[in-house]
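Quick note: numbers below take in every heavy atom, side chains included, and nothing from hydrogens, waters or symmetry partners. The model shown is predicted, which means the values in this text are computed figures rather than measured ones. Numbering starts at 1 and runs along the sequence shown.
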Amino acid sequence: MSDAGWKKLGLVYRPAGDYPWRLSHAATPTAEVLADTLVRVYFTSRDEQNRSHVSFLEFDVRRPNQVLHVSTSPIVAPSASGTFDENGTAMGCLVKEGKRRWLYYLGWNLSDKTVPWRNTIGLAVAEDDGVRFEKASVGGGPVVGLNSVDPHSISYPWILREGALWRMWYGSNLAWGATEETMRHVIKYAESDDGTLWRREGQVAIPLKEDGGEFAVARPCVVRDGGTYRMWYSRRTPEYRLGYAESGDGLSWIRRDGDVGLEPTPGSWDGKTVEYTCVFDAGGERYMVYNGDDYGRAGFGLAVFGS
């Protein structure tokens with residue numbers, strides 16, 4: 001699949017500081033198709049203390065410049081001091097199970113003074129097709145924490161259910177350096193039978209390239225088209241760009257970054273970077289929502305494939 005056919009449809013949303021918990025940013029947009037072309041997008045915003053909160057909006061992909069509804073309160077917010085998500089909750093991915101929604105999110109913790117952050121993965125669940133999410137992390141801790149194969153920090157997960165098997169691709173920091181640009185962050189793979197207990201063996205799905213100054217690949221989005229798995233992800237060198245890979249089994253991947261076909265537009269809201277994408281199908285078309293400059297401060301936009 002060549003992604004040369006992506007066409008930008010413009011900026012969908014940028015927070016206007018309407019609430020204290022949503023002063024800036026609309027990062028890591030994640031789409032849920034509600035009906036035909038009606039889409040709900042979950043995203044991450046920040047308050048005056050730079051703590052992140054998850055909320056959502058709804059729009060029709062045929063009219064992306066007309067937002068139909070924006071939530072008036074966060075659906076996942078930071079917890080109390082001392083918890084794994086005390087400094088922020090950032091949108092990861094959404095898994096639907098009948099009328100139940102499983103929302104996996106990134107918990108930010110900045111209490112360790114020796115490294116910039118330590119992230120782990122939390123879980124919140126909503127019942128009956130609703131948007132009232134209750135945190136479900138075991139014992140108040142993360143559902144996916146640090147361990148011997150992920151000792152430093154883990155990041156944005158993407159999860160697919162295939163029958164009874166839950167499959168997760170997620171970011172993992174291999175090492176910290178003297179600066180953020182000298183860390184080494186890759187995408188790994190894990191499996192589960194119930195979505196809460198994950199088997200992790202340190203298997204790397206997308207390693208770093210040895211040349212070109214790449215130091216991080218992160219925030220995967222995986223779509224299965226028949227016998228082909230397609231992954232879009234963000235890569236830093238140091239500016240963010242999108243990457244793309246294909247696989248026949250979801251385990252061994254061939255990188256085809258040159259096929260992404262979506263680059264920054266100079267002078268626009270995404271003039272320097274494109275990152276944090278989510279690819280989805282609606283109304284018979286394939287779309288992606290993605291962030292532009294400054295990690296989502298510029299908001300998120302929409303692109304369609306093949307038009």
Side-chain angles (χ1 to χ4, degrees), residues 1-16 18 22 24-46 52 54-71 75 90-94 96 103 131 156 158 218-223 225 230-235 239-244 257 259-307:
M1 175 183 178
S2 173
D3 279 6
W6 288 109
K7 176 185 176 182
K8 293 182 179 181
L9 299 178
L11 181 68
V12 174
Y13 178 75
R14 175 187 296 165
D18 49 351
R22 192 165 60 203
S24 69
H25 292 74
T28 58
T30 304
E32 176 191 7
V33 178
L34 301 179
D36 193 22
T37 58
L38 179 63
V39 176
R40 177 180 295 149
V41 175
Y42 303 84
F43 59 92
T44 306
S45 297
R46 303 187 193 184
S52 54
V54 178
S55 61
F56 70 91
L57 60 77
E58 295 170 3
F59 73 103
D60 191 310
V61 292
R62 295 168 300 187
R63 297 180 292 276
N65 61 337
Q66 300 177 23
V67 173
L68 302 175
H69 173 68
V70 185
S71 60
I75 56 174
M91 184 64 197
C93 69
L94 190 80
K96 297 181 71 174
L103 190 157
V131 291
Y156 304 105
W158 191 269
R219 220 273 161 147
C221 170
V222 179
V223 174
D225 289 331
R230 310 186 192 280
M231 182 192 296
W232 292 263
Y233 48 90
S234 300
R235 53 191 181 90
E239 298 288 356
Y240 267 121
R241 294 291 187 272
L242 294 180
Y244 172 72
D257 295 337
D259 289 346
V260 172
L262 195 80
E263 295 292 330
T265 301
S268 185
W269 66 277
D270 57 355
K272 296 180 179 179
T273 64
V274 289
E275 72 273 333
Y276 300 157
T277 189
C278 171
V279 175
F280 62 98
D281 296 324
E285 303 276 5
R286 175 152 289 180
Y287 294 90
M288 70 160 62
V289 283
Y290 68 97
N291 282 132
D293 295 351
D294 200 12
Y295 314 109
R297 184 183 295 275
F300 71 84
L302 181 70
V304 63
F305 181 76
S307 297

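- For Arg219 against Pro29, the heavy-atom pair with the smallest separation is NH1-O, 3.2 Å.
- In this structure, Met91 and Leu103 have side chains that are in contact, with non-hydrogen atoms separated by less than 4.5 Å.
- Using modelled atom types, no side-chain atom of Arg14 and backbone atom of Ala26 make a donor-acceptor pair closer than 3.5 Å.
- With rounding to the nearest 0.5 angstrom, the OG atom of Ser71 is 9.0 Å from the CD atom of Glu58.
- In this structure, Phe59 has its ring center at least 6.0 angstrom away from the ring center of Tyr13.
- Between Phe300 and Thr30 the shortest side-chain heavy-atom distance does not fall below 4.5 Å.
- In terms of heavy atoms, Pro264 sits closest to Pro266 at O-CD, 3.5 Å.
- For residues 265-278, every residue pair satisfying the salt bridge (Lys or Arg N to Asp or Glu O under 4.0 Å) rule, not counting sequence neighbours, is listed here: Lys8-Asp270.
- Note that CD of Glu32 and CZ of Phe280 are 11.5 Å apart. Values are rounded to the nearest 0.5 Å.
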Original post:
For Arg40 and Val131, what are the C-alpha separation, side-chain angles and deciding distance, and is it a side chain to side chain contact (heavy atoms under 4.5 Å, CB included)?
Top reply: CA-CA 11 Å; Arg40 177 180 295 149; Val131 291; 3.4 Å; yes
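- Trp6 is not listed as a side-chain neighbour of Leu242, based on a closest heavy-atom distance of 4.5 Å or more.
- Aromatic pair His69/Phe56: centroids less than 6.0 angstrom apart.
- Contact detail for Gly301 and Trp269: the closest heavy-atom pair is N-CH2, 3.2 Å.
- Of all heavy-atom pairs spanning Ala282 and Val33, the tightest one is CB-CG2, 4.1 Å.
- The ring pair (Phe, Tyr, Trp, His ring centres under 6.0 Å) check on Tyr295 picks up nothing, with sequence neighbours excluded.
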**OP:** Kindly indicate, with the supporting measurements, whether the criterion side chain to side chain contact (heavy atoms under 4.5 Å, CB included) is fulfilled by Asn291 and Phe43.
**Re:** CA-CA 10 Å; Asn291 282 132; Phe43 59 92; over 6 Å; no
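- With values rounded to the nearest 0.5 angstrom, Arg235 atom CZ is found 12.0 Å from Tyr240 atom OH.
- The two residues Val279 and Val223 have their closest heavy-atom pair at O-CG2, 3.8 Å.
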**OP:** Just do the side chain to side chain contact (heavy atoms under 4.5 Å, CB included) check on Leu38 and Leu68 with the steps written out, would you?
**Re:** CA-CA 10 Å; Leu38 179 63; Leu68 302 175; 3.8 Å; yes
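- Within the 4.5 Å cutoff, the side chain of Trp158 has heavy atoms near those of the Cys278 side chain.
- For Asp293 against Ser268, the heavy-atom pair with the smallest separation is OD2-O, 4.0 Å.
- Taking 4.5 Å as the limit, every side-chain heavy atom of Arg46 sits out of range of all side-chain heavy atoms of Pro15.
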Subject >> Trace of the side chain to side chain contact (heavy atoms under 4.5 Å, CB included) decision for Tyr233 with Asp257 >> reply: CA-CA 10 Å; Tyr233 48 90; Asp257 295 337; 2.6 Å; yes
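- A salt bridge links Arg286 with Asp225: the closest approach of a Lys/Arg side-chain nitrogen to an acidic carboxylate oxygen falls below 4.0 angstrom.
- Between the side chains of Ser52 and Thr44, no donor-acceptor pair is found at a separation under 3.5 Å.
- Ring geometry for Tyr156 versus Tyr276: interplanar angle of 30 to 60°, hence tilted.
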